[in-house]
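Since the structure comes first, as structure tokens, the remarks are kept for the end.
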There are 2 protein chains.
Amino acid sequence: MSATNERLTSEDRREQILAAASDVFGERGFAGGTTDAIAKVAGVSQAYVVRMFGSKQELFIAATERACERVIDTFRAAIAELDGEETVVERLAALGRSYVDLIADRGTLLTMMHAFTLGHDPRVGPLIRERYLDIYRFARDEAGLGPEVASHFLATGMLINTGMAMRLPDIADSDDDARELLGCLWGDSTDALVAMTTAAPILPEALRR
Amino acid sequence: MSATNERLTSEDRREQILAAASDVFGERGFAGGTTDAIAKVAGVSQAYVVRMFGSKQELFIAATERACERVIDTFRAAIAELDGEETVVERLAALGRSYVDLIADRGTLLTMMHAFTLGHDPRVGPLIRERYLDIYRFARDEAGLGPEVASHFLATGMLINTGMAMRLPDIADSDDDARELLGCLWGDSTDALVAMTTAAPILPEALRR
DNA sequence: CGTGGAAGTTATCAGCCGATTACAACTAGC
DNA sequence: GCTAGTTGTAATCGGCTGATAACTTCCACG
């Protein structure tokens, strides 16, 4: 549908399906996201989605791994741009700014959120715990924030993720408290972020329930 | 099954079903939590669960309202115990300590988490946004934290919620980084909390998938 | 008593969803 | 240009799940 009808290499098709899965799982979670919806977004048949990954569970796991990888890559890129002479506060600010890139890719952040809620799952649980600790270790060591600042960074990020999930930016225009809360997290760039997330692309109308 | 076979008033039964729904929705989310599982935990028939609330969606909404209410009641009780002469830092600490009560009731916190991820839902979205802002306003005004400290409190709480959802405490015994991250949030009482959450009751084995 | 209403169940159904199978279309390499 | 492997689809199926309907059990009260 939304994709081209060309024949692709399985690698390209795999990435296309993973991107679709990221959107669908991000919006509806593992149990709520159907392989049919993912197939429609990716522009392939439902059967192909299942066969390529073996099962819906394997697809979710792959989507989760991809999401975590994208998050840590984004943070790593932000730190790599610095010259290494910055203070802790400046490095923290650089990581915070890089969150803009993550928010632009709504599905990544929300898929990760849903993976968090599957901590009891024998497959997803160990995976997401290890990946999240990877992010913590990155912030603490590679970014040089230390334990306290790193945990503060993760906490703020989690509030941002949650705000995104519950679509707080959608009401920031009309609700002073929502705007104020978001403002405490982002300061001056709040308006731009609100505009960005409010206009963020969502699943095609035909796929809404 | 797990409940008594006595006949109850519809009010009592309603609360019993809501408590069961809190556990089931908390662990599996809205889409993943079945009315049958809720019925089994509550000790009634599946048909009765649906008929009492009209639909699964109405039941989830009721469970979400109950969860939000419990959270704000817990915070309100913590502030009410103070004599009003405390500093902002002391009031923040009192709220933090009250989180122990919330964690003891795993389902409440996790049901709220799942409601967050339904921000796009036309019924759940407006509800959870308003309730969450209620909590923010409480922390800011009634607890007197002000905007910055209140948002910091919410951020920390969200990291705690997420840690609970992904069962970080389960691996705190064997993973130094997990323990350190939790320690940054709770300080001295970390060990007690880890012990508490690790031993937390979960859904009956027969209901695991 | 006995009757009406509330509490609660059993049985059943229709729709959805993941998975499987069998088949079709295309392309690289000999 | 033939063929073998890869990309991809259509058709179908069985199990699960929310909902509905019809029935039962129990208690309060005249």
Side-chain angles (χ1 to χ4, degrees), chain A residues 1-21 24-25 27-63 114 118 121 123-124 203 206-209, chain B residues 1-21 24-25 27-63 114 118 121 123-124 203 206-209:
Chain A
M1 302 287 183
S2 56
T4 64
N5 286 334
E6 289 171 18
R7 243 172 138 90
L8 301 179
T9 65
S10 68
E11 196 179 351
D12 287 347
R13 199 56 98 181
R14 185 185 160 89
E15 169 54 26
Q16 202 175 47
I17 293 174
L18 278 175
V24 173
F25 283 139
E27 180 130 343
R28 305 186 188 171
F30 172 69
T34 66
T35 55
D36 190 59
I38 293 166
K40 283 198 171 69
V41 171
V44 296
S45 67
Q46 180 263 344
Y48 194 50
V49 169
V50 172
R51 209 189 42 184
M52 170 160 273
F53 289 87
S55 71
K56 176 177 162 176
Q57 162 148 291
E58 293 300 329
L59 171 57
F60 183 81
I61 287 170
H114 283 286
L118 289 175
D121 185 276
R123 294 283 311 276
V124 179
L203 289 182
L207 293 179
R208 314 303 298 271
R209 36 171 141 212
Chain B
M1 302 291 180
S2 56
T4 65
N5 286 334
E6 287 171 21
R7 248 173 133 89
L8 300 180
T9 65
S10 69
E11 197 179 349
D12 286 347
R13 199 56 98 182
R14 184 185 160 88
E15 168 55 25
Q16 203 174 47
I17 293 174
L18 279 175
V24 173
F25 283 140
E27 179 129 344
R28 305 186 188 172
F30 172 68
T34 66
T35 55
D36 191 59
I38 293 167
K40 283 200 172 68
V41 172
V44 296
S45 68
Q46 180 263 341
Y48 194 50
V49 168
V50 171
R51 211 189 41 183
M52 170 161 273
F53 289 87
S55 70
K56 177 178 162 176
Q57 162 148 293
E58 294 299 330
L59 171 57
F60 183 81
I61 287 170
H114 283 287
L118 289 175
D121 184 277
R123 295 283 311 276
V124 179
L203 290 181
L207 294 179
R208 315 302 299 273
R209 36 172 140 212

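All chains are named by letter (A, B, ...) in the order of the sequence lines, taking the proteins before the strands, and each is independently numbered beginning at 1. The figures that follow rest on heavy atoms only: side chains count, while hydrogens, waters and symmetry mates do not.
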B/Ile17 CD1 to C/dT9 C1', in whole Å, measures 13 Å
Correct closest heavy-atom pair for B/Tyr48 and B/Arg13 would be CE2-CG, 3.7 Å
By side chain to side chain contact (heavy atoms under 4.5 Å, CB included), B/Thr9 pairs with (sequence neighbours left out) B/Glu11, B/Asp12
With B for base contact, S for sugar-phosphate-only contact and - for none (protein heavy atoms under 4.0 Å), nucleotides 19-30 of chain C reads BB-B--BS----
Stepwise side chain to side chain contact (heavy atoms under 4.5 Å, CB included) test for B/Lys56 and B/Val49: CA-CA 8 Å; B/Lys56 177 178 162 176; B/Val49 168; over 6 Å; no
NE2 (B/His114) and CZ (B/Phe30) are apart, to the nearest 0.5 Å, by 12.5 Å
Ranking D/dG8, C/dA7, C/dC17 by distance to the side chain of A/Tyr48, first place goes to D/dG8
Phosphate-side-chain proximity, B/Arg13 and C/dG8, N/O vs OP1/OP2 below 4.0 Å: yes
Criterion side chain to side chain contact (heavy atoms under 4.5 Å, CB included) on A/Phe53 and A/Ile61, from CA distance to verdict:
CA-CA 10 Å; A/Phe53 289 87; A/Ile61 287 170; over 6 Å; no
Atom CD1 of B/Ile38 and atom P of C/dG8 are separated, to the nearest Å, by 17 Å
Whole-Å distance, A/Gln16 CD to D/dG8 C1', equals 13 Å
Between CZ of A/Phe30 and C1' of C/dC17 the distance, given in whole Å, is 12 Å
Taken to the nearest whole Å, CE/A/Met52 to P/D/dT7 is 7 Å
Separation of C/dA7 atom P from B/Phe53 atom CZ, nearest Å, is 13 Å
note: B/Phe25, atom CZ; D/dG18, atom C1'; distance rounded to Å ~ 11 Å
When rounded to the nearest 0.5 Å, the distance separating CD of B/Gln57 from CG of B/Asp121 is 5.5 Å
Separation of C/dG18 atom P from A/Lys40 atom NZ, nearest Å, is 11 Å
| With a 4.0 Å cut-off on heavy atoms, is A/Thr34 in touch with a base, just the backbone sugar-phosphate, or nothing at all? | sugar-phosphate
For C/dA7, does OP1 or OP2 lie under 4.0 Å from any side-chain N or O of B/Ser10? yes
Test A/Glu58 against A/Arg123 for side chain to side chain contact (heavy atoms under 4.5 Å, CB included), laying out the working first. CA-CA 9 Å; A/Glu58 293 300 329; A/Arg123 294 283 311 276; 2.7 Å; yes
